[in-house]
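All remarks here apply to the structure that follows.
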Amino acid sequence: MSVPASSERFLAKARELAVDEVMLDLEDSVAPEAKPAARELATRALASGGWDGKLVAVRVNDVTTPWAYQDVIAVVEGAPGAVDSLILPKVSDPGAVVLLDVLLSQLERAAGLEQGRIGIEAQIEDAAGLAAVEAIAAASRRLVCLVFGPADFMASIGMRSLTVGGQPAGYAFDAHHYPLMRMLVAAKARGLQAIDGPYAKIHDADGLRAAASSAAALGYDGKWVLHPGQVGIVNDAFTPAAGDYQRAVRILDAYGRATSVDRRGAVMLDGEMIDEASRKLALAIVAKGNAAGL
Ligand code: GLV
Ligand code: MG
C-alpha cells in the first residue's frame with residue numbers, strides 16, 4: 001500500500017489495512033513544496049509505531065533529485081530500526097543502488113544498527129532501467145526486490161495510454177508483458193522478489209483484477225495498491241485458488257510417497273505425469289498459499 005507521507009489521515013488509516021507492506025511515499029505522490037514536511041510526518045509516523053505485522057518501507061526521492069540524501073538520513077536517523085526497506089525509484093543504472101547501499105552502511109554504523117539490516121527495493125521504471133535490469137539486480141546484497149513502475153515506464157517509452165498500469169487502446173496484446181517478464185527473470189536470477197506496480201483507475205475493479213491476475217500468473221510476488229478498495233482484489237489475485245492449493249498438496253504427498261516408498265522419480269497422478277520439477281512447482285504454490293493463510 002502506497003501512502004503519500006504528506007497526509008496524516010492516510011498514514012493513520014494505513015495502519016488498519018490488511019496489507020503485507022506499507023510504503024510511506026516521499027516521491028511522486030508528494031508535491032515538491034511539501035517534501036520537507038512529508039519527511040517529518042513520515043519520520044514521526046515511523047517512530048510512533050503501530051505497524052506490527054506489516055513490513056514498513058519508505059520511498060525516497062531518486063538519486064538525481066536534491067532531496068534523496070536528506071530523505072534517507074531523516075528516516076533512518078529519526079526512527080532508528082523502524083524501516084525494513086527503502087524503495088529507490090527511477091533506478092536506471094546500478095550506481096544508484098550502490099550509492100544508497102553505501103549511505104545506508106554509514107547510517108547503520110552511526111546509529112548502532114545491524115549492518116545490512118535495511119533492505120533496498122529498486123523500482124525499474126524507464127527504458128534505461130529495463131535495459132540495465134540484470135546489472136541493477138546484482139548491485140547490492142541489500143536488494144530484496146525489484147518493483148515495476150508502470151506509470152513512469154509508460155511515459156519513458158511513449159506508450160499511448162493515460163491509464164497507469166492499463167492497456168493502451170489499439171494494441172491487441174498485453175503491452176506490459178515484455179517489461180514484466182524481463183524484470184521478473186532478472187529478479188529471480190538473483191533470488192529477489194518481483195513486485196508489480198500500481199493500477200491507478202481506482203474504481204475499475206475488473207481492470208485491476210485483470211492486471212493483478214496476469215502478474216500473479218507470470219510469477220510475480222505481489223502488486224502495489226493505492227487505495228483501500230484495491231486491497232482485497234489484489235490479495236485474492238495473489239492467493240492461489242483453493243483447487244490449485246489442494247492439488248499442489250496432493251502432488252507433494254503423492255510424489256513424496258513415490259520417491260521414498262516406491263523409489264520412483266516419475267509417476268502418474270490424475271492423468272498427469274509428475275516428477276521432481278512438478279514437486280518444485282507444487283512447493284511454490286503451497287508456499288504462497290500458506291503465506292496467504294490457506
Ligand atoms: C510508480 O512509481 C510508477 O511509476 O508506476
Ligand atoms: Mg514511478
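Atoms within a ligand are numbered from 1 in the order they appear, just like the ligands themselves. We number each residue from 1, following the sequence as shown.
- Among the candidates T65, D25, V72, the single residue satisfying the side-chain contact (heavy atoms from CB on, under 4.5 Å) test with V60 is V72.
- Under a 4.0 angstrom heavy-atom cut-off, G197 registers as lying outside contact with ligand 1.
- Considering every non-hydrogen atom in both K35 and D28, the closest pair reads NZ-N, 4.5 Å.
- Ligand 1 has no nitrogen or oxygen under 3.5 angstrom from a nitrogen or oxygen of W224.
- Hydrophobic cluster membership differs between L218 and I285, with clusters built from Ile, Leu, Val, Met, Phe, Trp and Tyr side chains linked at under 4.5 angstrom.
- Here the protein contributes E125 OE1, D152 OD2 as N, O or S atoms under 2.8 Å from the Mg ion (ligand 2).
- An N or O contact shorter than 3.5 Å is missing between P198 and ligand 1 by distance.
- Considering every non-hydrogen atom in both S260 and R263, the closest pair reads O-NE, 3.5 Å.
- Proximity of K90 to ligand 1, defined as any heavy-atom pair under 4.0 Å, is not found for any part of the residue.
- Residue A151 has at least one nitrogen or oxygen atom sitting less than 3.5 Å from a nitrogen or oxygen atom of ligand 1, judged on distance alone.
- Under the side-chain contact (heavy atoms from CB on, under 4.5 Å) rule, S140 has a single partner from L104, L99, V97, L88, which is V97.
- Ion pairing between K288 and D221 holds under the 4.0 Å rule for side-chain N and carboxylate O.
- Close approach of ligand 1 to E125 is summarised as follows: ligand atoms under 4.0 Å from at least one heavy atom of the residue are 1 (C), 2 (O), 3 (C), 4 (O).
- Listed by atom number, the atoms of ligand 1 under 4.0 Å from P150 heavy atoms are 3 (C), 5 (O).
- Here the closest non-hydrogen pair linking L184 and A194 is CD1-CB, 3.6 Å.
- When all heavy atoms of Q230 and K201 are compared, the pair lying nearest together is NE2-O, 4.4 Å.
- At a 4.0 Å cut-off, not a single heavy atom of M154 sits close enough to ligand 1 to count as contact.
- Residue Q123 has at least one nitrogen or oxygen atom sitting less than 3.5 Å from a nitrogen or oxygen atom of ligand 1, judged on distance alone.
- In plain terms, the two heavy atoms of A14 and V3 that are nearest each other are CB-CG2, 3.7 Å.
- When the side chains of ILVMFWY residues are joined at heavy-atom separations under 4.5 Å, either directly or via intervening members, I73 and V98 end up in two distinct hydrophobic clusters.
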